[in-house]
Every structure is written in C-alpha cells, then in structure tokens.
Amino acid sequence: MRVISWNVNSLRAREPLLEKLVLTEKPDILCLQELKILDKDYVESFFNKFSLKTLSETQKSYNGVSISYKEDINLKEIPLKKLNLIQARNNTIILENLKLVIINCYFPNGNPIDTEKFINKIEWMKTLFKEIKSLKDDYEILLTGDFNVIPDDEDAYDIKKYKNDALAQPQSRKEFNKLINLDLIDVFKTVPKKQSYTFFDYKTYKFGKDEGIRIDFFLLSPFIKSKMLKLKVLKEYRDLDRPSDHCPIMIDLNI
DNA sequence: ATGACCTGACCATCAGGA
C-alpha cells in the first residue's frame, strides 16, 4: 500500500502537478492539506477523473484537507470533530481489516507567537494528542500531514532563523514529542538531512539553495513501521512549474 | 528587514502562509 501526503497550497493551483503525481506515483491513499477551496463536490469530482474516491473537510480560501483512495479500498471515516471546530484541519479513516487508522492533519501555523494564534496551535495539538491516545489502544496508527513543527535544531537549514517562529518553540516541540512518546516512530528522522527537508520557502528561492525545513511527517506505530518498504520525499515536485512550497512525502507499506 | 514569493479574495491590495 502506497500512501502519499502533500500540502498542495491550493488544490486549483496544483491541479497539473496533482494529475502528474497521481498518474506517476499511483498512490493507494493520498492525503492533502491546504486545499483552499470550499466546494467539496469540486474536490471529489477532480479525483473521480483518476478513479479515486475522496472525502474532504473544506472552508473558503484557507486550510482544508482531503483523503483520496482507490475505489477497491474498504474504509470508513471517523470524524474527529474537535479538530475541525474552528478550521478544516483533519480527516481520519479506519481500515478495519488492517486495524489501521490513518490520520491526516494540517496543524495550525501559530505565528506570531505572542498572539492567540500560537495559543490555538498548542491547544489544537493537545486535542490531537488526546484523540490519538484513545485510538492507539484499538488501532495501529499512521499519522501524517503538515505538522508545522520543526522538532529538532537539525531539522532546519539554519535554526537561528526560526528562533522566534512558532514552528520551533519549546511548547510546539513538547507537544510533538508527546505524540512520539505514544510510541509513534518519526520514520524520516534517520533519513539524511538534505533528503528529508519537506518545505522550501518561496521567498528568496530557498529551493535552489537547498535551504529547507522538515515539517511534514509520517508517524507510525511499531507494527506499521515494521511493514515499511520504501520512504521518500518527492523533492522533484518542488522543482516543476508552479510548485507548492511543500514537497509530497511517500511511503510504501507491505500491507 | 514587520522584506522577498505565492494564493485567494477580487480589481488594488490585503491576509495568511512558515
């Protein structure tokens, strides 16, 4: 089973690259973030063209997440409503036959740090922690998406630039580590730094300078990790016409 | 450097991203 996660920074703007991604990489499950479109029917019909079913949480202009999947996959949605109370930031699905839950998240950015936005980021992460804590008793976990957290200094090309950024604050890292301490494995952690960056700022053309940060993740329970066949940041999609500022991330599982 | 670039709103310029 191949799972891809991608913060597309607008579905409409990324349609040509999404088509390429779907046709080339053939994901079984495709988790997207930052759709920036309200129209759920539009999102669904876009992926229908590629024989993918889709479930989505949307809002106008901002945020929005979706999970598309091959038609023969048997799954059900479990809405974690507390994660979508204010903005559309989560879809969660269960594959009952595998006892696996897949949680797709667009974590709040949280900047600037002296505002309500940062408080809301930390609250949202605490809510996610509680949800996963209760799910992990019954299910294997695959948690993915744009976490908007730089967990360690080495996950940025120059951590000094992020000293006052919500992504690298101790509180943000603490909430990230609480997820890890639920016995979830950050599988990209052992991938060499320059191959594990997932975001390159449009401003000052960071991609060309290889100055990125690692903020998109797969966090897996140990059994799912044991089924991992392949893992890759699809960096080439950051180098095409009209790219997202995030790279897609891809994992193959022997399940 | 509270910058730069990109997107959606909507038509001039702002909010938001990270």
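The sequence lines fix the lettering, A, B, ..., with proteins before strands; numbering per chain opens at 1.
One atom, CG of L11(A), and another, C1' of dT7(B), lie 13 Å apart when rounded to the nearest Å. What separates NZ of K206(A) from C1' of dG3(B) is a distance of 12 Å, to the nearest Å. Taking atom CG on D39(A) and atom P on dA9(B), their separation rounds to 11 Å, with Å as the unit. Rounded to whole Å, the distance from CD on Q59(A) to C1' on dT7(B) is 14 Å. Between R242(A) atom CZ and dC5(B) atom P there is a gap of 16 Å when expressed in whole angstrom units. The nearest whole Å value for the distance from the CZ atom in R12(A) to the C1' atom in dA9(B) is 13 Å.
Note on residues 233-252 of chain A: pairs passing ring-ring contact (aromatic ring centres under 6.0 Å, His included), not counting sequence neighbours, are F199(A)-H246(A). For residues 111-142 of chain A, the set of pairs meeting the ring-ring contact (aromatic ring centres under 6.0 Å, His included) definition, not counting sequence neighbours, comprises F107(A)-W124(A).
A sub-4.0 Å separation between OP1 or OP2 of dT7(B) and a side-chain N or O of R14(A) is present.
Going from the P atom of dC6(B) to that of dC10(B) covers 22 Å, rounded to whole Å. The gap from the C1' atom of dT7(B) to that of dA12(B) amounts to 16 Å, rounded to the nearest Å. Atom P of dG3(B) sits at a distance of 23 Å from the matching atom of dA9(B), rounded to the whole Å. Taking atom P on both nucleotides, dA18(B) is separated from dG8(B) by 14 Å, rounded to a whole Å. dA15(B) and dA4(B) have their P atoms separated by 13 Å, given to the nearest Å. Going from the C1' atom of dT2(B) to that of dC14(B) covers 15 Å, rounded to whole Å.
Applying the side chain to side chain contact (heavy atoms under 4.5 Å, CB included) criterion to N111(A), with sequence neighbours excluded, gives N109(A), I113(A), D165(A), A166(A), L167(A). For L231(A), the side chain to side chain contact (heavy atoms under 4.5 Å, CB included) criterion is met by V187(A), F188(A), V191(A), F218(A), M228(A), I251(A), not counting sequence neighbours. K136(A) is linked by a side chain to side chain contact (heavy atoms under 4.5 Å, CB included) to I141(A), L182(A), counting only residues two or more places apart in sequence or in another chain.
Nucleotides of DNA chain B nearest to I37(A) and T204(A) differ in position, and the one nearer the 5' end is that of T204(A).
Two residues are said to be in side-chain contact when any heavy atoms from C-beta on lie closer than 4.5 Å; D153(A) and Y162(A) fail this criterion.
Inspection of the N84(A) and N90(A) side chains reveals no N or O donor paired with an N or O acceptor under 3.5 Å.
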Sort me out a list of protein N/O and nucleotides 12-18 of chain B N/O pairs below 3.5 Å, or just none if empty.
{"from": "dA18(B)", "atom 1": "OP1", "to": "N7(A)", "atom 2": "ND2", "distance (Å)": "3.4"}
{"from": "dA18(B)", "atom 1": "OP1", "to": "E34(A)", "atom 2": "OE1", "distance (Å)": "3.0"}
{"from": "dA18(B)", "atom 1": "OP1", "to": "D146(A)", "atom 2": "OD2", "distance (Å)": "3.4"}
{"from": "dA18(B)", "atom 1": "OP1", "to": "H246(A)", "atom 2": "NE2", "distance (Å)": "3.3"}
{"from": "dA18(B)", "atom 1": "OP2", "to": "Y106(A)", "atom 2": "OH", "distance (Å)": "2.9"}
{"from": "dA18(B)", "atom 1": "OP2", "to": "N148(A)", "atom 2": "OD1", "distance (Å)": "3.4"}
{"from": "dA18(B)", "atom 1": "OP2", "to": "N148(A)", "atom 2": "ND2", "distance (Å)": "3.0"}
{"from": "dA18(B)", "atom 1": "N9", "to": "N109(A)", "atom 2": "ND2", "distance (Å)": "3.2"}
{"from": "dA18(B)", "atom 1": "N7", "to": "N109(A)", "atom 2": "OD1", "distance (Å)": "3.4"}
{"from": "dA18(B)", "atom 1": "N7", "to": "N109(A)", "atom 2": "ND2", "distance (Å)": "2.8"}

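Note on S10(A): only backbone sugar-phosphate atoms sit closer than 4.0 angstrom, heavy atoms only; bases stay farther off.
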